[in-house]
Amino acid sequence: MPSANTATGGREPSGYELRVRGPIGPTMMQAFPTLAVSRNGHDTLLTGPFLDQSALYGVIHQLEALGLQLLEIRRLPTGDPRTTRPIT
């Protein structure tokens, strides 16, 4: 029986990598304080753990509201070291 006192029912957070077109400056990155940022060619990668799908959708909606173009969402393998701080 899942734990009733955790947001994920006792499950590990899922790690995701979101690829966004172009660079994201420091001002816009303030909208995503719990995500790690890195550059990959001309694109920006936002990486981090998400407690559930609603947290992931929240970041997707933030990207859209800021006018950023989401190119790809990739789920990271379980146990990936980039999934240490869950986004709620």
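This chain uses plain numbering: 1 for the first residue, then up along the sequence.
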Tell me the closest heavy-atom pair linking [X] and [Y], and the distance in Å.
X   : Y   : result
D43 : G22 : OD1-N, 3.6 Å
V37 : M29 : CB-CE, 3.7 Å
A31 : L66 : CB-CD1, 3.9 Å
L68 : I24 : CD1-CD1, 4.0 Å

Fill in the blank from the handout: Rounding to 0.5 Å, atoms NE2 (H42) and CG (L71) come to a distance of 12.5 Å

Exercise for the section: Working to the nearest 0.5 Å, report the span between CG of L46 and OH of Y16. Expected result: 15.0 Å

Problem - salt bridge (charged side-chain N to carboxylate O under 4.0 Å, His left out) partners for E72, two or more places apart - result: R19

Problem - H61 and L63, any side-chain heavy atoms less than 4.5 Å apart - result: no

Handout entry: Heavy-atom side-chain proximity of F50 to L35 below 4.5 angstrom
Key = yes

Fill in the blank from the handout: Result for side-chain contact (heavy atoms from CB on, under 4.5 Å) between L18 and one of V59, T44, T47 points to V59

Problem - Over 12 foreign heavy atoms within 6.0 Å of CD, Q69 - result: yes

